[in-house]
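Since the structure comes first, as structure tokens, the remarks are kept for the end.
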Amino acid sequence: MADIDIGKRYWLAKPAFQNLLDALRELGYQVVGPTIRDEAIIYGPIERVAELPIGWWDDQEGGRYRLRQAPTDAWFEFVVGPQSLKHYTFPPRQTVLEGNQQADGQWKLTAIKPESPPTAILGVRACDLAALVIQDRVFLGSQYRDESFAARRERLFLVAANCQRAAPTCFCKSMNCGPRVTQAFDMALTEGADGFVVEVGSAAGAAVAERLPLKLASQSQVTQVEQRLAALIEQMSQGSESQTSAEPDSAHHNGCRSQRQLDTAGLRDLLFGNLNHPHWDEVASRCLSCGNCTMVCPTCFCSTVEEVPLLDDSQVLRERVWASCFTSEHSYMASGVVRQTTRSRYRQWLTHKLAGWIDQFGVSGCVGCGRCITWCPVGIDITAEVAALRSPQEIDRSNGHE
Amino acid sequence: MSPPIPAPDVFPNKSPVPAEQSGSNRPKLGVYKFASCDGCQLALLSVENHLRQLADSVEICYFLEASSRIVPGPYDIGIVEGSVTTAHDAERIRGIRRDCRYLIAIGACATAGGIQALRNWANVEEYLSYVYAEPQYIDTLATSTAISEHVPVDFELRGCPIEPQQLLRVISDLLVDRQPRLARHSVCVECKLRQNVCVAVARGIPCLGPITQAGCGAICPSFDRECFGCFGPQENINAASWIGHCRSTDHATSRLVQLLRNVNSYDSHFREAGDGLIAKSISVEPS
């Protein structure tokens, strides 16, 4: 379709969806999208529509993730998996420098530029776009630009998908980061029964849209998808109390009983004002200090640099690797390890994420994707920990733990 | 037995290994075996691409797994595989300690007593009568213990087997007088770096990864299996929380005990966790 306007809404029928994958590939993008691997929905190379996890739901709770057949035939009713966009903008391990000792004994150092082809990522959710915008601030927002992040970021083409469901672990609405996609996309899809409402967010998006058999979306098509999104927003706004009577698999497709919320009012001052709250000890008794929350967090950006030498020290590779504030190395300095205890590490993570970021980057570091809750092996719940810190009394945790 | 000597995390202040030299003046290396399966020595031999470099960097003076050639000590670096299970072992390790400027214990046997430390909960005399036709010829201790319980150890490399790249790294660090630093954090960090899907969260399999030290590259979860704890406890192990969560999600106590009582069963943290589980299950479920 020619003459694509940013701001207009178009309609892509489901049978024509393969055209989108083909158009992206023809324009030189490697296409990555949600697909099932190892009993989870992860990002992987996508060539055919059949590789999408159509008809699958992900049940998520603290420390628990299970795929199951959806009671509907919708395409994008799953929520978020363990990966986020940071795997593509800030990969877990990258070689940044190579050093070789020359015959005369001098060292020749060569910076390694990231090799990443233009990449189109399909099905990106509002929380992950919000996280990308936050990482833009972290990596590109000061005079210290991260060029490898910039190079990868520039080559991303983002096809967003508005969420159809919320997992009980989702609280993007609390963080004002979703569920509606509002930013940082090239194209955004909102699923209806037999097609998608398509919005175009950039010139690159228009270039792709021009190759697709789009029509202007009809009022009824727009109303259909908007009603669904409005119901989801309503569900996420109401939180746990209003959902306690709803049965799983109810007509609202929520598939959950309690919707998490995080009260952000005065959060920065709450955290900085409670550095000695007894709850830090309580959460440390459950926290494994394993670092999973930081690894799955779409905004966590810490890395360390390892020098990997050959045995004879004639060559060395400098590798940048994700690091976690739940390890001793993270706070290791000449004087030793600053944060030895799990209590101090959890406190560091939470206060930095929800308070320190505001001072540092002008924005909270949490987008409410809920990954840290789902992928914590013991289901530690960031929303519950904040609630406990708000309460002068310790909340009852008689949940069967010893 | 004398109280265990804590194994230091860092090298003590010793004069450095002589700088790299040519000919027979290279630093001298000895590799010793105690009660073990030889797998850690084989892991060292398996790094074929680096063996020539290693042989160029150090003089391999004593390594019976690789060569019958023996150059008499003393040695600059001693690498010890295996646990102490006989009175003769206990005497021999003292001699080796005297012979080696740096002593590196490698593998779960040398650092925690190995799978054979399961004897520490059993009656060894009874075992002997099951296994040997003529048990009177067997002279063994009642326990299998780590090298550090007998002599001071300068560095411990965990694993069953060890990750040979870690050993090469420590040797190369020693050769240039550099402080070796190995990750002591959880396997989960490595698992996530490999972008594995968590087997505990996505499949409900009890996995020791969150309480186990990294170093293996999360090899078992990378092949759809749970972590078996080969590298022993991570630096901030919280076994009580891990066990509590596993029990609250209906994992059988017997399975958890099996996981904890594996190659690192006699490590103090795993031992305490396993013993606690058994004590609890006995008190809760009288037989």
Side-chain angles (χ1 to χ4, degrees), chain A residues 37-43 58 60-67 81-83 87 91-93 284-292 294-296 304 306 308-314 321-324 326-330 332 337 340-342 345 374-380 399-402, chain B residues 20 47 50-54 56-58 165 168-169 171-173 175-176 178 181-204 206-207 209-212 214 221 224 234-249 276 280:
Chain A
R37 193 198 78 196
D38 296 338
E39 301 186 35
I41 293 171
I42 56 122
Y43 283 127
D58 44 357
Q60 301 196 36
E61 251 307 338
R64 191 172 191 281
Y65 177 103
R66 294 289 187 283
L67 286 185
Q83 297 165 327
H87 288 79
R93 184 181 290 276
S285 74
R286 286 174 287 130
C287 176
L288 303 178
S289 203
C290 62
N292 275 299
T294 60
M295 298 282 130
V296 296
T304 186
E306 293 177 358
V308 183
L310 291 186
L311 198 66
D312 63 359
D313 274 348
S314 66
V321 187
W322 284 359
S324 171
F326 285 88
T327 70
S328 63
E329 302 136 274
H330 191 271
Y332 176 76
V337 176
Q340 289 279 8
T341 63
T342 299
R345 294 181 194 172
T374 298
W375 298 97
C376 171
V378 293
I380 291 174
N399 58 356
H401 286 204
E402 285 151 65
Chain B
E20 207 172 318
V47 289
H50 300 288
L51 276 179
R52 272 204 56 196
Q53 266 186 326
L54 178 68
D56 287 344
S57 305
V58 297
Q165 295 298 333
L168 290 179
R169 184 70 187 264
I171 292 173
S172 80
D173 285 344
L175 295 178
V176 296
R178 177 172 53 204
R181 290 195 56 77
L182 299 176
R184 304 283 182 206
H185 56 63
S186 75
V187 170
C188 298
V189 173
E190 291 185 318
C191 206
K192 285 288 189 289
L193 289 176
R194 287 183 74 153
Q195 306 198 35
N196 292 329
V197 174
C198 177
V199 299
V201 170
R203 303 190 201 187
C207 172
I211 66 169
T212 299
D224 292 344
Q234 61 122 315
E235 57 191 4
N236 274 31
I237 182 172
N238 186 348
S241 174
W242 177 83
I243 287 169
H245 184 79
C246 288
R247 283 164 62 94
S248 74
T249 49
K280 194 159 290 177

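Quick caveat, the model's predicted, so the values are computed rather than measured. Both backbone and side-chain heavy atoms feed into the values below; hydrogens, waters and symmetry mates do not. We name chains A, B, ... by the order of the sequence lines, and we start the count at 1 in each one.
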Check: Within the side chain of A/Gln83, is there an N or O that forms a donor-acceptor pair under 3.5 Å with the backbone of A/Tyr43?
Finding: yes

Check: Does B/Gln195 reach the side chain of A/Pro92, with side-chain heavy atoms less than 4.5 Å apart?
Finding: yes

Next item on the list: Among B/Pro210, B/Cys198, B/Cys191, single out the residue with the greatest number of heavy-atom pairs under 4.5 Å to chain A.
Entry: B/Pro210

Checklist line | Leading residue by heavy atom contact count with chain B [cutoff under 4.5 Å; candidates A/His330, A/Arg37, A/Arg93] | finding: A/Arg37

Notebook entry, point to check: A/Glu329 side chain to B/His185 main-chain N or O, any donor-acceptor pair under 3.5 Å?
Noted result: no

Item checked: Proximal component of B/Asp224, with respect to chain A [non-hydrogen, under 4.5 Å] -> side chain

Notebook entry, point to check: Closest approach of B/Ala214 and B/Ser186, non-hydrogen atoms and distance?
Noted result: CB-O, 3.4 Å

Check: By a 4.5 Å heavy-atom criterion (distance strictly below it), what part of A/Phe326 contacts chain B: side chain, backbone, both, or neither?
Finding: backbone

Notebook entry, point to check: Backbone N or O of B/Cys207 within a donor-acceptor pair of the B/Trp242 side chain at under 3.5 Å?
Noted result: yes

Next item on the list: For B/Arg194 and B/Val189, indicate whether the former's side chain and the latter's backbone hold a donor-acceptor pair under 3.5 Å.
Entry: no

Margin query: Need one label for A/Leu288: side chain, backbone, both or neither, based on atoms under 4.5 Å from any heavy atom in chain B.
Written below: both

Check: In terms of heavy-atom proximity below 4.5 Å to chain B, should A/Glu39 be classed as side chain, backbone, both, or neither?
Finding: both

Notebook entry, point to check: Is it the backbone or the side chain of A/Ala323 that comes under 4.5 Å from a heavy atom of chain B, or both, or neither?
Noted result: neither

Check: Is chain B contacted by the side chain of A/Thr294, its backbone, both, or neither, given a heavy-atom distance below 4.5 Å?
Finding: neither

Next item on the list: Please answer whether the main-chain N or O of B/Ile211 pairs with a side-chain N or O of B/Asn238 as donor and acceptor at a distance below 3.5 Å.
Entry: no

Item checked: Selection from A/Glu61, A/Arg64, A/Glu306, A/Arg345 maximising heavy-atom pairs under 4.5 Å formed with chain B -> A/Arg345

Next item on the list: Check each atom of B/Ala239 against the heavy atoms of chain A and say whether the ones under 4.5 Å are side chain, backbone, both or neither.
Entry: neither

Checklist line | Leading residue by heavy atom contact count with chain A [cutoff under 4.5 Å; candidates B/Val187, B/Thr249, B/Leu193, B/Ile237] | finding: B/Leu193

Item checked: Contact leader toward chain B among A/Pro82, A/Gly63, A/Ala40, A/Gly379, where contacts are heavy-atom pairs under 4.5 Å -> A/Gly63

Item checked: Portion of B/Gln165 that has a non-hydrogen atom of chain A nearer than 4.5 angstrom -> neither

Notebook entry, point to check: What's the verdict on side chain to side chain contact (heavy atoms under 4.5 Å, CB included) for A/Leu67 and A/Ile41, showing C-alpha distance, side-chain angles and the deciding distance?
Noted result: CA-CA 8 Å; A/Leu67 286 185; A/Ile41 293 171; 3.8 Å; yes

Check: Which atoms of A/Ser289 come close to chain B, meaning under 4.5 Å heavy atom to heavy atom: side chain ones, backbone ones, both, or neither?
Finding: both

Margin query: For A/Thr327, is there any backbone N or O sitting under 3.5 Å from a side-chain donor or acceptor partner on B/Asn236?
Written below: no

